[in-house]
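Inspection log for the structure reproduced underneath, given as structure tokens.
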Amino acid sequence: MKTEMERHIVWLDCDTGTDDAQAILCANALPELEIVAISAVAGNVELEKTYRNALRLNRLMGTDFPVYQGAEKPWLQPQHTGYRYHGENGLGGVELPLPENVPETTKKAWDALYEKAKELGGALEIIATGPLTNIGTALMKYPDLPRFIRRIVLMGGSATGGNRTPAAEYNIFADPHAADAVFRSGIPLVMCGLDVTMQAIFTEEDLIRIGSKGTPAARLFHDALLTPLRAQEGGEGVKLHDAVAVLYAARPELFWGQMAGVAVETRGTVTMGKTVTDLWSDKKFPFKNAFVVLGLDNEAFVRTVQELIWSY
Ligand code: RIB
Ligand code: CA
């Protein structure tokens, strides 16, 4: 019996970088997801670039999603960019044209997010693939926001080690104070951390095969991801971190994990930005605030991403 496909109304909050770009392409191609807007946050590269990169994706996809600018920098931490993995332009050096006419919008991401969330009466889901500064700012400015957000699926954190420091994953490390506000918000959370995203591996052969389709989306997939592929130690392939959050939102059957208590370190020196989970601790937190994704069927994941990129 064909089950009715569940549709999700989603807001993408990204620091469009090389893997965020693939996540946006996948989100737009997934029939289970209806994107209502994209917001840009400073992260991998500066806000101006993450904003314009999201606009560039609109042109490549032939879409005109509203794109809002959010935070230019983290709440308290200095901005840590990721030029090594994303290039100075955030797309691995790939040049994409901007849309012909960019609608002038001065409305900030958090204000637009709150308006849309209230308009949708609680149906809106957020897929966050960058530092959580915009979402945290929305929570601070609009304390009743949690009433209107169905869930947040975020790429970030780790139940084990880090990739920006030995303790912390980049998105949480970049703005641990905003992340702390999100993890304390009471909004249902799905944490797609390094535990699962480090398994979402695309080899150079995968990039060449997917790029061989020759379409603009296929070429972007190959060309943009060569930068992180070449930047990382070890030759096992590039991790498509952000696409994991998008694929989880649409096809959770490809993944597995479990509920846990998760808290963000905001004062440590060695551990700043660490997501402390109680998954394997004797001592548990008195709350379970996030579904922590721990594994995926990577063959199905690669196949699905390929289908989505080739659908353009
Ligand atoms: O740690 C991986 C995350 O950091 C991804 O979102 C990537 O885009 C970078 O922002
Ligand atoms: Ca990102």
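Keep in mind the model is a prediction, meaning the values are calculated, not measured. The residues of the chain are indexed from 1 along the displayed sequence. Values below: all heavy atoms of this structure, side chains included; hydrogens, waters and symmetry mates excluded. For ligands, and for the atoms within them, numbers begin at 1 and follow the listed sequence.
In this structure, atom 8 (O) of ligand 1 lies nearest to the protein heavy atom Asp19 OD1, 2.6 Å. Given atom 4 (O) of ligand 1, the protein heavy atom at minimum distance is Tyr170 CD2, 3.3 Å. Nearest protein heavy-atom neighbour of atom 9 (C) of ligand 1: Asn44 OD1, 3.1 Å. Looking at atom 6 (O) of ligand 1, its nearest protein heavy atom turns out to be Asp242 OD1, 2.6 Å.
For ligand 1, the atoms closer than 4.0 angstrom to any heavy atom of Glu169 are 1 (O), 2 (C), 3 (C), 4 (O). Short contacts between ligand 1 and Met155, defined as distances under 4.0 Å to a heavy atom of the residue, involve ligand atoms 2 (C), 3 (C), 5 (C), 6 (O). Close approach of ligand 1 to His241 is summarised as follows: ligand atoms under 4.0 Å from at least one heavy atom of the residue are 2 (C). Close approach of ligand 1 to Asn163 (heavy-atom distance below 4.0 Å) involves ligand atoms 1 (O), 2 (C). Per-residue contacts place Thr129 under 4.0 angstrom from the following atoms of ligand 1 (heavy atoms of the residue considered): 6 (O).
Under a 4.0 Å N-O distance rule, the pair Glu48/Arg52 qualifies as a salt bridge. A salt bridge links Glu204 and Arg230; the closest N-O separation between the charged side-chain nitrogens and carboxylate oxygens is under 4.0 Å. Using a 4.0 Å cut-off between a side-chain N of Lys or Arg and a carboxylate O of Asp or Glu, Lys239 and Glu169 do not qualify as a salt bridge.
Distances from the Ca ion (ligand 2) to the N/O/S atoms of Asp242 are shortest for OD2. Taking the Ca ion (ligand 2) as reference, Asp15 places its N/O/S atom OD1 nearest.
Within the 4.5 Å cutoff, the side chain of Tyr51 has heavy atoms near those of the Leu55 side chain. In this structure, the side chains of Asn28 and Tyr312 come closer than 4.5 Å at one or more pairs of heavy atoms. In this structure the side chain of Thr129 never reaches within 4.5 angstrom of the side chain of Leu12, judged on heavy atoms.
Not close to ligand 1: Lys239, with no non-hydrogen atom less than 4.0 angstrom away.
At a threshold of 3.0 Å, the Ca ion (ligand 2) has no backbone or side-chain N, O or S atom of Met155 nearer than that distance. For the Ca ion (ligand 2), the N/O/S atoms of Asp19 include none lying under 3.0 Å.
Here the angle at the Ca ion (ligand 2) defined by O in Thr129 and OD1 in Asp20 stands at 130°, rounded to 10 degrees.
Between Phe301 and Phe255, the ring planes lie perpendicular to each other; the angle is over 60°, past the 30° to 60° tilted range. Aromatic ring pairs are classed by plane angle as parallel below 30°, tilted from 30° to 60° and perpendicular above 60°; the pair His80 and Phe173 is tilted.
For Asn134 and Thr137, the side-chain atoms include no donor-acceptor pair closer than 3.5 Å.
No path of Ile, Leu, Val, Met, Phe, Trp and Tyr side chains, each step under 4.5 Å between heavy atoms, connects Leu247 with Trp256, placing them in separate hydrophobic clusters.
Rounded to the nearest 0.5 Å, atoms CG (Asp195) and OG1 (Thr275) are 7.5 Å apart.
For the pair Asp15 and ligand 1, the shortest N or O to N or O distance falls below 3.5 Å.
Contact annotation for Arg164 and ligand 1: no heavy atom of the residue comes within less than 4.0 Å of the ligand.
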